[in-house]
Amino acid sequence: MLLGTLLVLLLGGAGPASAHAALRSTDPEDGTVLKSAPRHITLTFTESVGLLKDSFRVLDPDNRRLDLGKARHAPDGSDTARVTLPDDLAEGTYVVAWRVVSADSHPVGGAFTFSVGTPSPTPPAVDTGPAEDPATASLYNIARYLAYLAAALLIGTAVFVTVCRPPDTGPLRRSLWVGWWTLLGATLLLLLLRAPYETGTGPATAFDASALGDTLTSRPGLVLLVRLALLPVAAVFVVRLLRHGAFSRTWSAAGGALAVGLALTWAAGEHASAGIQVPVAMTSSVLHVLAMAAWLGGLMALLTTLYRSSSVMSADVVARFSRLAFACVSVLVVTGVYQSWRGLGSWTAFTDTSYGKLLLAKLAAVVLVLAAAWLSRQWTARLVTVDAEAVVRERVPEPVGGPPLPPREQAAPAADDPFRRGLRRSVLAEVGVGVVVLVITTVLTGTLPGRAAAEAATATPATGLPAASVTTVPFDVGTPGGRGKVQVTLDPGRTGDNSVQAVVFDSEGLLSTVPEIRLSFALPAQDIGPIDAELTDQGGYWGTSALNLPIAGEWTMKVTVRVSEIDQVSEERKVRIG
């Protein structure tokens, strides 16, 4: 648990969160120059999203925040977000910062620009809202990991007691209650941290009454409330299980339904709840969680019994768990293959996306677990054989007055024979690597699936911050007052149509006006150009919204600045066009 917690803290809290709803398009599009002001701003995502009170922030050309209406879904569906703009927007460039919650409960945000009439000489500063708070993200990831581990311990131990029927359940009493209390504490922590996790604020804001109220009415909050409601019922089952040692068929069926309900609270808040084939994915996710819990939690219970039981572990108990583990592994393989296909979408996503690379790491760890499991099965088979031989020998009648049996044939199976020692070591290895697999799984659930990443990449580039290319070109015409610099902004700095703003500053960094600025672009590698940008005086700066750069590459930008009727200078700079 300590190893897993530290790994989650390092891996999950080291960088910004990878969201699961990727921005597919914006209306207006990023970097467009509109003749008239739009009535709405509409975002379209790769999956359904939840909206926050502060989902949209729009800055006007003077860097002032606009008063907006409430964010809503567009009529197109729940994978959209829309806000109404005020009437009579002034000319200039506007920055739109947005933040929503994807269907699998992870927040995502970004920003883009659009202009009305004429782009501003200096666009407003980007305000994407509060960045992700590292402390909140780390605590949230730790709580998610502990919830996974606690569910495995609680469900797996209960299944082990019911199916494998160990003669001594005393050592497992603590495991059941530790799993229950840890799951309760982790769920409460997730519920408290949900609001600051969504808004990107610090852990101290977790106790804000209004924010907590919003969480309790949101989908992720409702899922956590359902989990909390199921835990008192689980406590009743724990008490009965510890008293009677096993369940009747009726109680076993009810316990199975309870386990399915708990597993659904994970499936409803993760990747399975969004994307393609949601009903099949939800079913697969529930089976995957239950198989993981029964196997990994059962391994922990077996390990506890092997080390702490006051009686000798019967080979029948180990054999029953071996059959249970084989069935769990079979379910994990089938559901894991399906979920991998659903999340990746292509073979190249294994190496081209963070999701694929994490999945490869998980598969490598699973192979190690299976190798340890194979060793456990070998030790189990030997243990069953030895115990069976010992039972047969005990039943062989001994002739009166005959020689005594050898000590090995007289003794019952020893608690510390080499087969049980080997089984302890192999099961310990299974549990250790299984904890690492659980850590990688926790990080994987916080990573953008490869299929969504590919879909977002092929859509209109409209994610993240404004993609404008800004180049500063110093100049000196060799006359008094003839020194300064030109700031050239290409928006969006990609192939196709671009808007250009060229602003002149004098030697002291103040805005300056000049009689003329000429700008041209050439791509020598493709023998293209020079292409004249045809800048016009826009009153304080020179610009155009009709520069077309047809091919990506490293272009040569030539800037000619004329400061008087006879004094001018030309400078060249390399500009990368995406």
Side-chain angles (χ1 to χ4, degrees), residues 17-27 40-56 68-84 96-112 129 132 140 144 190 194-195 197-200 214-227 263-286 338-339 341-345 353 355 444-460 462-464:
S18 299
H20 300 166
L23 184 61
R24 179 182 288 153
S25 64
T26 67
D27 182 17
H40 306 279
I41 295 174
T42 305
L43 311 180
T44 305
F45 297 88
T46 56
E47 64 179 45
S48 58
V49 295
L51 304 178
L52 305 171
K53 284 184 177 179
D54 207 23
S55 277
F56 286 93
L68 303 174
K70 184 179 179 181
R72 303 179 184 277
H73 293 295
D76 301 338
S78 60
D79 60 345
T80 60
R82 170 176 286 183
V83 70
T84 302
V96 180
W98 52 269
R99 190 180 184 94
V100 296
V101 180
S102 58
D104 52 11
S105 79
H106 298 275
V108 51
F112 66 96
E132 180 184 81
Y140 194 84
R144 287 173 55 227
L190 288 171
R194 185 67 214 173
Y197 178 68
E198 289 181 351
T199 57
D214 293 337
T215 296
L216 296 179
T217 57
S218 67
R219 182 183 170 197
L222 291 174
V223 169
L224 293 172
L225 284 177
V226 169
R227 188 183 301 171
L264 272 170
T265 63
W266 273 273
E270 300 295 348
H271 291 300
S273 63
I276 62 173
Q277 302 176 355
V278 171
V280 178
M282 291 281 287
T283 304
S284 174
S285 180
V286 168
Y338 168 75
Q339 291 174 187
W341 166 82
R342 184 176 180 269
L344 287 171
T353 64
Y355 185 89
L444 198 62
T445 58
T447 306
L448 178 67
R451 186 184 294 273
E455 184 178 355
T458 57
T460 302
T463 61

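All residue numbers in this chain count up from 1 along the given sequence. Note that these values count all heavy atoms, side chains included, but never hydrogens, waters or copies made by symmetry.
The shortest heavy-atom contact between Leu51 and Ala81 is CD2-CB, 3.6 Å. In terms of heavy-atom proximity, Glu198 sits nearest to Pro220 at OE2-CG, 4.3 Å. Contact between Gln339 and Ser284 at its shortest, heavy atoms only, is OE1-OG, 3.2 Å.
Side-chain atoms of Thr80 come within 3.5 Å of backbone atoms of Ala74 as a donor-acceptor pair (strictly under, hydrogens ignored).
His73 is listed as a side-chain neighbour of Val49, based on a closest heavy-atom distance under 4.5 Å. Inter-residue side-chain proximity for Trp266 and Val223 is flagged as unmet; no heavy-atom pair is nearer than 4.5 Å. Residues Val280 and Tyr338 are in side-chain contact: their nearest non-hydrogen atoms beyond the backbone lie under 4.5 Å apart. Contact annotation: the side chain of Leu52 approaches that of Val101 to within less than 4.5 Å [non-hydrogen atoms, C-beta and beyond]. Side-chain atoms of Trp98 and Thr26, non-hydrogen and from C-beta on, never get closer than 4.5 Å to each other. Asp27 is not listed as a side-chain neighbour of Arg82, based on a closest heavy-atom distance of 4.5 Å or more. A heavy-atom distance below 4.5 Å is not found between the side chains of Thr265 and Leu224. In this structure the side chain of Leu190 reaches within 4.5 angstrom of the side chain of Arg227, judged on heavy atoms.
Shown here are the ring pair (Phe, Tyr, Trp, His ring centres under 6.0 Å) partners of Phe56, two or more places apart in sequence or in another chain: there are none.
Under 3.5 Å, the side chains of Arg194 and Thr215 contain no donor-acceptor pair of N or O atoms.
Between Tyr140 and Tyr197, the two ring planes are parallel [angle under 30°; tilted spans 30° to 60°].
Among Leu43, Val100, Leu68, the one residue that satisfies the side-chain contact (heavy atoms from CB on, under 4.5 Å) test with Ser55 is Val100.
Taken to the nearest 0.5 Å, the CG atom of Leu216 stands 8.0 Å off from the CG atom of Leu222.
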